[in-house]
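Bear in mind the structure is a predicted one, so any value in this text is a computation, not a measurement.
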Amino acid sequence: KAASTKRRFSFHIHLVSVMILMLITSGLVIGTLNYFHTSDIVAENQARALEQVGRAAVSELEGVMFPAQNFVNSLAAMNLNMSQLNNSQRSWLPMLYSSLSQQRGLSAVYMGYANGDFYLVRPLDTPEKRKLVSAPAGSVVLVTKIINGHSSNQFFDSELMPLPDRVERNYQLDPRERPWYKLAINSPSIVATDPYIFYTTKEVGVTFARVNQERNMVVGADLTLASV
């Protein structure tokens, strides 16, 4: 009888051990399934978050790039020659300056011609920019012209009236040798340079450029990467 009791006791211990093992195994299986399920949920949420960030970034990028590209395309279609820009500056400067001021990230717009002439409009919207070009007090915009190899700089106030400039300047540039000109002159559509440091403002950015229909003038616009 003692032996029988001992066998029943051992069986009970064995049964309990099996049940405990089964519970532990079930717990591990359930825990593993929950872990993978939770991991899937986390991964899915991360993917959604990344997708939202990506969409926002693309939207932000498009919101800066597309207006700049449209501006360049429009100016190229206007086919402005240097005589128009130089002799009718009071007519064209307000439009160019207003467009630049309203578009975030545009540092300058310019036209380079097949004969080497050059016309540039640059807003001076920060004290740092005014300091870099030694602008007279009250300056809000700089116009640089190169005609027949001779350069000139004119500063204008908020009413777009010219300001006296007593600083000797000698700005030399051949637009035909610039990367943006070379890219655009051989392309049927708008082009963009690789990022580089702008000579005047020391900002990092890209230039969008497009040749006109007659292929004797290239419009360029500098877009700072800090705005993207």
Side-chain angles (χ1 to χ4, degrees), residues 67-103 106-125 129-130 132-187 190-191 193 198-201 205 207-223:
Q69 293 173 333
N70 289 336
F71 185 39
V72 170
N73 285 329
S74 298
L75 286 178
M78 288 180 187
N79 198 32
L80 297 172
N81 59 51
M82 181 56 102
S83 178
Q84 288 175 291
L85 291 169
N86 193 39
N87 297 330
S88 304
Q89 185 163 265
R90 291 291 298 169
S91 299
W92 290 109
L93 182 57
M95 183 274 289
L96 294 173
Y97 174 62
S98 176
S99 297
L100 283 168
S101 301
Q102 292 173 11
Q103 298 192 44
L106 279 184
S107 178
V109 64
Y110 38 84
M111 279 69 79
Y113 294 87
N115 65 352
D117 287 353
F118 182 70
Y119 185 93
L120 174 146
V121 178
R122 183 185 305 283
L124 302 175
D125 50 3
K129 290 182 181 179
R130 290 189 284 272
L132 282 170
V133 295
S134 302
S139 298
V140 300
V141 61
L142 165 64
V143 173
T144 298
K145 292 181 282 187
I146 299 177
I147 302 175
N148 297 325
H150 300 288
S151 67
S152 64
N153 290 277
Q154 288 183 290
F155 295 89
F156 296 84
D157 62 17
S158 58
E159 301 297 323
L160 297 184
M161 297 299 294
L163 294 169
D165 179 25
R166 296 179 175 83
V167 177
E168 285 290 331
R169 306 174 190 273
N170 185 26
Y171 183 77
Q172 295 300 321
L173 176 143
D174 187 340
R176 298 166 296 185
E177 297 300 319
R178 302 299 297 160
W180 52 269
Y181 188 99
K182 292 180 178 180
L183 278 174
I185 203 70
N186 295 312
S187 175
I190 194 167
V191 298
T193 65
F198 297 149
Y199 176 79
T200 301
T201 62
T207 296
F208 293 113
R210 181 159 191 174
V211 68
N212 67 342
Q213 189 172 1
E214 287 74 16
R215 310 196 73 80
N216 60 7
M217 181 264 285
V218 171
V219 176
D222 291 343
L223 179 71

- Task: State which residues pass salt bridge (charged side-chain N to carboxylate O under 4.0 Å, His left out) with D117; sequence neighbours excluded, sorted by chain then number.
- Result: none

- Query: What's the spacing between L120 CG and D222 CG if we round to 0.5 Å?
  - Reply: 8.0 Å

- Item | Contact summary for P136 and P164, nearest pair of heavy atoms | CG-O, 3.4 Å

- Message: Taking Y97's backbone N and O only, do any of them form a donor-acceptor pair with S101's side chain (distance below 3.5 Å, no angle check)?
- Response: yes

Can I get a per-line list of side-chain donor-acceptor pairs under 3.5 Å for residues 70-82, giving both atom names and the distance, sequence neighbours left out?
residue : atom : partner : partner atom : Å
N70     : ND2  : F66     : O            : 3.3
N73     : OD1  : R210    : NH1          : 2.9
N73     : ND2  : Q69     : O            : 3.2
S74     : OG   : N70     : O            : 2.9
N79     : OD1  : N212    : ND2          : 2.4
N79     : ND2  : E214    : OE1          : 3.1
N81     : OD1  : S83     : N            : 3.1
N81     : OD1  : Q84     : N            : 2.7
N81     : ND2  : Q84     : OE1          : 3.4

- Partners passing salt bridge (charged side-chain N to carboxylate O under 4.0 Å, His left out) against K129 (at least two apart in sequence or in another chain): D125

- Query: Between A209 and V218, what is the shortest heavy-atom contact and its length?
  - Reply: CB-CG1, 4.0 Å

- Would you say L96 and Y119 make side-chain contact, with heavy atoms under 4.5 Å? yes

- Inter- and intrachain pairs under side chain to side chain donor-acceptor pair (under 3.5 Å), touching residues 134-143, at least two apart: none

- Would you name the heavy atoms of A108 and R122 that are closest together and state the gap between them? CB-NH1, 3.6 Å

- Item | Nearest-0.5 Å distance, CZ of residue R130 to CG of residue L132 | 11.0 Å

- Query: With sequence neighbours left out, which residue pairs that include part of residues 176-186 fulfil the side chain to side chain donor-acceptor pair (under 3.5 Å) condition?
  - Reply: D174-R176

- Report the C-alpha separation of F156 and V121 in whole Å, then their side-chain angles, then the decisive distance to 0.1 Å, and conclude whether the side chain to side chain contact (heavy atoms under 4.5 Å, CB included) test is met. CA-CA 11 Å; F156 296 84; V121 178; over 6 Å; no

- Item | Least distance between heavy atoms, F118 atom then G112 atom | CD1-CA, 4.2 Å

- Taking all non-hydrogen atoms of both residues into account, name the closest pair between L163 and A137 and its distance. CD1-O, 3.8 Å

- Sort and list the pairs that fulfil salt bridge (Lys or Arg N to Asp or Glu O under 4.0 Å) and have at least one residue in residues 146-167, not counting sequence neighbours. D165-R169

- Message: Is a donor from one side chain sitting under 3.5 angstrom from an acceptor on the other, for Q102 and S98?
- Response: yes

- Message: Using modelled atom types and a 3.5 Å cut-off, is there a donor and acceptor pairing between side-chain atoms of T193 and backbone atoms of T207?
- Response: yes

- Query: If every non-hydrogen atom of L173 is compared with every non-hydrogen atom of I146, which pair is closest and at what distance?
  - Reply: O-CD1, 3.3 Å

